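Okay, structure first, notes after.
Quick caveat, the model's predicted, so the values are computed rather than measured. Note that these values count all heavy atoms, side chains included, but never hydrogens, waters or copies made by symmetry.
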Amino acid sequence: MQNDVILRGHVLSFLTSPFATPTAEDATRISEAVALSAGRIKEVGSLAEMQALLPQAPVIDHGDKLILAGFVDAHVHYPQTAIIASWGKRLIDWLNTYTFLEEMRFGDAAYAREISERYLDLTAANGTTTVCSFATIHPESVDAFFTAAQARGQRVVTGKTCMDRNAPAGLRDTAQSAYDDSKALIERWHGVDRLEYAITPRFSPTSTPEQLEALGSLWAEHPECLMQTHLSEQVDEIEWVKSLFPQARDYLDTYEEFGLLGARGLYGHAIHLEERERHRLREYGAALVHCPTSNTFIGSGLFDMEGLMAEGQRIGLATDTGGGSSFSMLRTMAAAYEIGQLRGRPLHAAELIWLATQGSAMALRLDGKIGNIAPGMEADLVVLDLASTPAIAQRTNRAADLWEAVFATVMMGDDRAICEVWINGQRV
């Protein structure tokens with residue numbers, strides 16, 4: 001592991017959620033330097049203070065660049081890397097036309113390794129240091145992803161996707177094999193180094209009640225694991241769920257009935273929620289994951305960030321690649337801003353960055369480890385160039401303050417804005 005080092009620049013830390021303060025800036029602290037030691041944040045403060053703390057540490061001077069926690073992408077499908085930006089389908093047709101055909105390839109361990117490495121390269125190039133990903137039904141797809149992340153010292157979450165109906169024969173397991181395979185993968189990988197397992201029913205339409213019940217039992221046996229799935233992404237999807245589960249009170253009830261609603265649950269999209277669903281999600285402290293580029297690309301709808309935040313919901317941010325159209329959390333933040341505008345509540349740059357770092361870490365129940373620059377946190381960092389292109393540079397030159405400059409990069413930035421990435425205290 002790399003020795004002690006000090007990074008100098010505009011170091012952004014969050015003191016609390018910017019959604020909970022009179023102004024978003026009140027939730028933040030900008031420091032001059034951050035000291036890294038043994039893969040963790042040693043301290044944050046002035047350069048003189050950090051040099052007094054680590055007198056032998058080299059200083060990397062990033063000037064006017066912004067140093068922040070690495071981006072945390074709370075809902076992705078790494079097996080869809082190769083089919084990102086596939087044209088023109090609604091959710092169910094999109095799955096059948098593109099996704100399922102590609103996912104059938106992941107029974108090939110070599111192909112799963114290739115895409116795992118490609119995905120982690122692409123996301124690191126965009127400043128993402130932690131992801132929570134669906135795999136495929138194949139245990140090989142989980143092994144490949146965890147192996148690739150482990151070699152990089154990276155904190156990731158994934159799980160075998162479970163489906164026993166409404167999918168091609170090559171992508172269906174059974175209630176029993178879903179339980180057995182998932183249990184074996186938990187025992188092999190969960191808690192090893194920086195790896196965590198998520199029990200993963202894709203969504204209610206592709207799991208029989210028997211499979212949902214089996215996975216609910218598995219979660220009860222392993223409550224330390226996360227559970228990830230999809231919820232209320234599209235109106236026609238909700239109608240499909242109603243036809244498959246006529247006894248259910250609503251979409252969320254198809255999970256709740258089988259023990260798949262809990263504080264460590266992650267529910268992707270959650271756009272078209274009913275009042276009972278919102279109440280139960282809040283009551284359990286479950287996490288909702290906003291996927292704005294996906295929601296616009298596939299035409300799903302507009303997430304109610306303001307209303308859900310006001311209710312006290314736990315909310316993360318995600319690219320949802322490959323339904324989302326970008327590997328970049330900067331592009332994802334820009335899309336979240338645009339959706340906020342359409343709903344009449346534009347988000348401040350501090351709120352957007354919080355969602356992409358600490359908010360997503362909180363959704364994954366990892367906020368004590370990642371998602372912020374504070375003493376004791378794991379040293380996953382990204383350095384943003386706030387003048388990465390001529391267009392952004394000329395706007396930054398006109399900025400009245402740091403946050404105005406940051407907003408220009410959020411809205412116009414891409415991988416060229418990623419100056420440097422640190423994972424587990426090591427420069428990538």
Worksheet entry | Residues in side chain to side chain donor-acceptor pair (under 3.5 Å) contact with His62, at least two apart in sequence or another chain | Glu420
Item to complete: Can you run down the salt bridge (charged side-chain N to carboxylate O under 4.0 Å, His left out) pairs that involve residues 337-358, sequence neighbours left out, and say none if there aren't any?
Response: Asp304-Arg343, Arg331-Glu338, Arg345-Glu351
Name each donor-acceptor pair under 3.5 Å that joins a side chain in residues 154-161 to protein atoms two or more places apart or in another chain, with its distance.
residue : atom : partner : partner atom : Å
Gln154  : NE2  : Thr129  : O            : 3.0
Arg155  : NE   : Glu378  : OE1          : 2.9
Arg155  : NH2  : Glu378  : OE2          : 2.9
Thr158  : OG1  : Ser133  : O            : 2.7
Lys160  : NZ   : Ile137  : O            : 2.7
Lys160  : NZ   : Asp173  : OD2          : 2.7
Thr161  : OG1  : Ala135  : O            : 2.8

Worksheet item: What heavy-atom pair brings Ile373 and Ser13 nearest, and what distance separates the two atoms?
Response: O-OG, 2.7 Å
Fill in: Exam field: side chain Asp253 to backbone Glu256, donor-acceptor pair closer than 3.5 Å
no
Item to complete: Under the salt bridge (Lys or Arg N to Asp or Glu O under 4.0 Å) rule, collect the residues that match up with Asp73, sequence neighbours excluded.
Response: none
Item to complete: Scan for side chain to side chain donor-acceptor pair (under 3.5 Å) pairs involving residues 286-295, sequence neighbours excluded, and state none if there are none.
Response: His269-Asn295, Ser294-Asp320
Discussion item. Using a 3.5 Å distance criterion without hydrogens, assess whether the side chain of Gln313 forms a donor-acceptor pair with backbone atoms of Arg278.
Written reply: yes
Item to complete: May I ask you to decide if Cys162's main-chain N or O and Arg202's side chain share a donor-acceptor pair within less than 3.5 Å?
Response: no
Practice prompt. Would you please name every residue forming a salt bridge (Lys or Arg N to Asp or Glu O under 4.0 Å) with Glu32, sequence neighbours left out?
Written response: Arg8
Worksheet item: Would you say Tyr251 and Phe245 make side-chain contact, with heavy atoms under 4.5 Å?
Response: no
Practice prompt. Report the C-alpha distance between Tyr111 and Glu102 in whole Å, list the side-chain angles of each, state the deciding distance to 0.1 Å, and finish with yes or no for side chain to side chain donor-acceptor pair (under 3.5 Å).
Written response: CA-CA 11 Å; Tyr111 187 70; Glu102 176 66 11; 2.5 Å; yes
Worksheet, complete the sentence: residues 114-149 vs ring pair (Phe, Tyr, Trp, His ring centres under 6.0 Å), sequence neighbours excluded, gives His75-Phe134, His77-Phe134, Tyr78-Phe145, Phe134-His230, Phe146-Trp189
Worksheet item: Is a side-chain donor or acceptor of Thr128 paired with a backbone partner of Thr130 at a separation under 3.5 angstrom?
Response: no
Practice prompt. Go through the structure and list residues passing salt bridge (Lys or Arg N to Asp or Glu O under 4.0 Å) with Asp414, not counting sequence neighbours.
Written response: Arg416
Discussion item. Less than 4.5 Å apart, side chain to side chain, heavy atoms only: is that true for Arg264 and Pro223?
Written reply: no
Item to complete: Would you kindly say whether Thr123 and Asn126 are connected by a side-chain donor-acceptor distance under 3.5 Å?
Response: no
Worksheet, complete the sentence: Residue pairs meeting ring pair (Phe, Tyr, Trp, His ring centres under 6.0 Å), one or both in residues 310-331, sequence neighbours left out, come to none
Fill in: Least distance between heavy atoms, Leu15 atom then Thr28 atom
CD1-O, 3.9 Å
Discussion item. A side-chain contact here means heavy atoms from C-beta on lying under 4.5 Å apart; do Ile315 and Leu308 qualify?
Written reply: yes
Discussion item. With side chain to side chain donor-acceptor pair (under 3.5 Å) as the criterion, how do Thr229 and Tyr255 come out once you've worked through the C-alpha distance, each side chain's angles and the decisive distance to 0.1 Å?
Written reply: CA-CA 9 Å; Thr229 190; Tyr255 300 126; 3.1 Å; yes
Practice prompt. For Asp367, check salt bridge (Lys or Arg N to Asp or Glu O under 4.0 Å) against everything at least two apart and list the hits.
Written response: none
Discussion item. Less than 3.5 Å apart, any donor N or O on the side chain of Arg29 or Ser31 sitting next to an acceptor on the other?
Written reply: yes
Discussion item. Can you give me the closest heavy-atom contact between Leu317 and Ala356, atom names plus distance?
Written reply: CD2-CB, 4.1 Å
Item to complete: Tell me, please, which residues at least two apart from Tyr197 pass ring pair (Phe, Tyr, Trp, His ring centres under 6.0 Å).
Response: none
Worksheet item: With Trp403, which residues qualify under ring pair (Phe, Tyr, Trp, His ring centres under 6.0 Å), at least two apart?
Response: His348
